[in-house]
Amino acid sequence: MERTLDDWMAAAAAELGVDLAVDVRGLLDMTRVVAHGVERPAAPLTAFLVGYAAAAGGGGAAAVAAANARVTALAERWAAEADGADGADGR
């Protein structure tokens, strides 16, 4: 039997006792942006923070999406600032 990411997410959600349909692709995209724009270990930690912030803000898929969008934008700004700093001295 082939197991998929969707199967894993369903099993993990059941194990944790949550029933939440989130934009998995959006979360994966966010972790990619963070891994490349900040540093790789920041990706899973940021995903945790997104979930924590969403829960602290009342929970639900919309809260996850909002927190995800905020940290994605932050990671993009960090990457752009780093690119600007690298280019500022001719490197």
Side-chain angles (χ1 to χ4, degrees):
M1 178 169 123
E2 182 179 322
R3 294 187 178 186
T4 67
L5 179 59
D6 290 337
D7 295 333
W8 168 252
M9 293 300 294
E15 181 69 22
L16 295 171
V18 296
D19 182 23
L20 178 64
V22 296
D23 178 9
V24 172
R25 182 60 48 203
L27 288 169
L28 291 172
D29 288 344
M30 177 273 297
T31 59
R32 177 186 45 77
V33 170
V34 170
H36 290 64
V38 180
E39 66 177 285
R40 188 173 176 89
L45 296 171
T46 304
F48 166 78
L49 288 174
V50 164
Y52 192 88
V64 172
N68 188 45
R70 289 178 66 187
V71 297
T72 298
L74 174 62
E76 289 170 344
R77 287 193 311 270
W78 272 54
E81 289 170 6
D83 287 346
D86 290 344
D89 61 1
R91 281 190 241 169

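None of these values were measured; they are calculated from a predicted model.
Not counting sequence neighbours, the partners of Glu39 by the side-chain contact (heavy atoms from CB on, under 4.5 Å) test are Pro41, Ala42. Annotation: side-chain contact (heavy atoms from CB on, under 4.5 Å) contacts of Leu5 (sequence neighbours excluded): Met9, Val24, Leu28. Every residue two or more places apart in sequence or in another chain that forms a side-chain contact (heavy atoms from CB on, under 4.5 Å) with Asp29 is listed here: Arg25, Arg32.
Contacts classified as ring pair (Phe, Tyr, Trp, His ring centres under 6.0 Å) and involving residues 18-50 (residues at least two apart or in different chains) are given here: Phe48-Tyr52.
Of all non-hydrogen atoms in Thr31 and Ala47, the two that sit nearest each other are CG2-CB, 4.1 Å.
Transitive grouping of hydrophobic side chains (ILVMFWY, heavy atoms separated by less than 4.5 Å) keeps Val18 and Leu49 in distinct clusters.
Through side-chain heavy atoms spaced under 4.5 Å, either directly or across other Ile, Leu, Val, Met, Phe, Trp or Tyr residues, Leu45 is tied to no other residue. Using a 4.5 Å cut-off between side-chain heavy atoms of Ile, Leu, Val, Met, Phe, Trp and Tyr, Val33 forms no hydrophobic cluster with any other residue.
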For residues 59-75, dump all side-chain donor-acceptor pairs below 3.5 Å to protein atoms at least two apart in sequence or in another chain.
unit_1 : atom_1 : unit_2 : atom_2 : d
Asn68  : ND2    : Gly26  : O      : 3.2
Thr72  : OG1    : Asn68  : O      : 2.8

